Amino acid sequence: MAESDFLEMATTAPEIGAAPRHVALIMDGNGRWAAARGLPRFEGHRRGVEALRRAVRAAIDLKISYLTVYSFSAENWARPREEVQSLLGLLHRFIRNDLAELHGNNVRVRVIGARADLAPEIADLLREAEQVTQANTGLTLVVAFNYGARQEIAAAARALAEMVAEGRLDPEKIDADAIAARLDTADIPDPDLIIRTSGEQRLSNFLLWQAAYAEFVFLPILWPDFDHAALVAAIAEYKHRDRRFGRVQPARSATTAS
Ligand code: IPE
Ligand code: IPE
Ligand code: MG
């Protein structure tokens, strides 16, 4: 990456001590929440949707500009068929039931992840959510569905390779910006804060490229228990972090960080 890109990344990121502009959520722990209560995994997912509603309302309340939620990974297809069906059913119901409220709250919905191999009814629903809300100016809710970061990066590499093969692109021109411009997130700023619930401390193929300089907060609670207070706590932790982007520690934090 050129020096100017680094400087741009550092200067467009929120100030130290400021609220994050883009929060990304790895909503994990539904199955364990259900198991702890002797309930079927489906019940954990159903309560997980309620936690998602709370998260969206909290993000609006806290004036976050972008909220990305990991709702279904490219690898989650490997789960038992009934569980996959119930997760698809919940997504369907979430969009059917909540689209009007999201739209009423000026939320713009965006979807990232591979669309090509989705059932037409799911693909149509995702497209409808984006189209209905595209002119909204409040929170941008980015739904990562059938999403895998390695697949996303591979698709970007393939698109660039095709341009080179057709003689439309000089390989010398392929830099980090050229790749970023071909990711699903091309027009979305990188996440400032990535929160994962359930105590697991891994990315599970989520936003690998975009997370280069994200701050991570791992919460011990299970996703169905996530609420406004949990988001506030994660943001408070984020505000204590020094984001250096490879440079030396900013002067302010030398005196205020502890
Ligand atoms: C997150 O909860 C929901 C999805 C991955 C779709 P899990 O279903 O992964 O719950 P655990 O990790 O098994 O507890
Ligand atoms: C990540 O959680 C995917 C979502 C939250 C949608 P997983 O539960 O699928 O991740 P692993 O398998 O524990 O890494
Ligand atoms: Mg899990």
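Nothing fancy with the numbering, it's 1 onward along the sequence. Counting starts at 1 for both ligands and their atoms, following the listed order. Predicted model, so just to flag it, every value in this text is computed and none were measured.
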Heavy-atom protein neighbour under 4.0 angstrom from atom 12 (O) of ligand 2
no

Give the residue and atom name of whichever protein heavy atom lies nearest to atom 14 (O) of ligand 2, and the separation in Å to one decimal.
Ser204 OG, 2.6 Å

Taking the six-membered ring for Trp, are Phe206 and Tyr147 parallel (under 30°), tilted (30 to 60°) or perpendicular (over 60°)?
perpendicular

Nearest protein heavy atom to atom 10 (O) of ligand 1, by residue and atom, and its distance?
Gly31 N, 2.9 Å

Does at least one non-hydrogen atom of Ser71 fall below 4.0 angstrom from an atom of ligand 1?
yes

Mind checking whether Asn76 has an N or O less than 3.5 Å away from an N or O of ligand 2?
yes

On the six-membered ring of Trp33, is Arg37 placed so that its NZ or CZ lies under 6.0 angstrom from the centre and within 45° of the ring axis?
yes

Atoms of ligand 2 under 4.0 Å from any heavy atom of Phe72, numbered from 1 in the order shown, are 6 (C)

Interfacing atoms of ligand 1 (cut-off 4.0 Å, heavy-atom, His45)
3 (C), 8 (O)

Heavy-atom proximity to atom 9 (O) of ligand 1 ranks first, among Arg79, Arg32, Met27, Arg41, for Arg79

Side chain, backbone, both or neither: which part of Phe206 comes within less than 4.0 Å of ligand 2 when only heavy atoms are counted?
neither

Side chains of Asn146 and Trp77 only: does a donor on one sit below 3.5 Å from an acceptor on the other?
yes

Between atom CD of Glu152 and atom CG of Asn205, what is the distance when rounded to the nearest 0.5 Å?
9.5 Å

Please state which option from Leu90, Asn30, Leu87 has its nearest heavy atom closest to atom 3 (C) of ligand 1.
Asn30

Out of curiosity, Asn76 CG to Ser71 OG, how far, rounded to the nearest 0.5 Å?
9.0 Å

Using the rule side-chain contact (heavy atoms from CB on, under 4.5 Å), only one of Ile60, Asp61, Leu62 pairs with Ile64; which is it?
Leu62

Any donor-acceptor N or O pair under 3.5 Å, side chains Gln210, His22:
no

When you measure from the heavy atoms of Gly29 to every atom of ligand 1, does any distance fall below 4.0 Å?
yes

Answer yes when Asp98 and Arg93 have at least one side-chain N-carboxylate O distance shorter than 4.0 Å, and no when they do not.
no

Looking only at protein heavy atoms, which one is nearest to atom 2 (O) of ligand 2, and what is the separation?
Arg196 NH2, 3.6 Å

closest protein heavy atom to atom 6 (C) of ligand 2 is Tyr70 O, 3.3 Å

Could you pull out the closest heavy-atom pair between Ile235 and Leu193, with the gap in Å?
CG1-CD2, 4.0 Å

Nearest heavy-atom neighbours spanning Gly44 and Pro224
O-CG, 3.7 Å

Indicate, as side chain, backbone, both or neither, the part of Ala144 found under 4.0 angstrom from ligand 2 when only non-hydrogen atoms are considered.
neither

Pairs of nitrogen or oxygen atoms closer than 3.5 Å, one from Arg202 and one from ligand 2: do any exist?
yes

As a test of reading the structure, name the N/O/S atom of Asp28 that is nearest the Mg ion (ligand 3).
OD1

Any donor-acceptor N or O pair under 3.5 Å, side chains Arg108, Thr140:
yes

So that I can check it, does any N, O or S atom in Glu200 come closer than 2.8 Å to the Mg ion (ligand 3)?
no

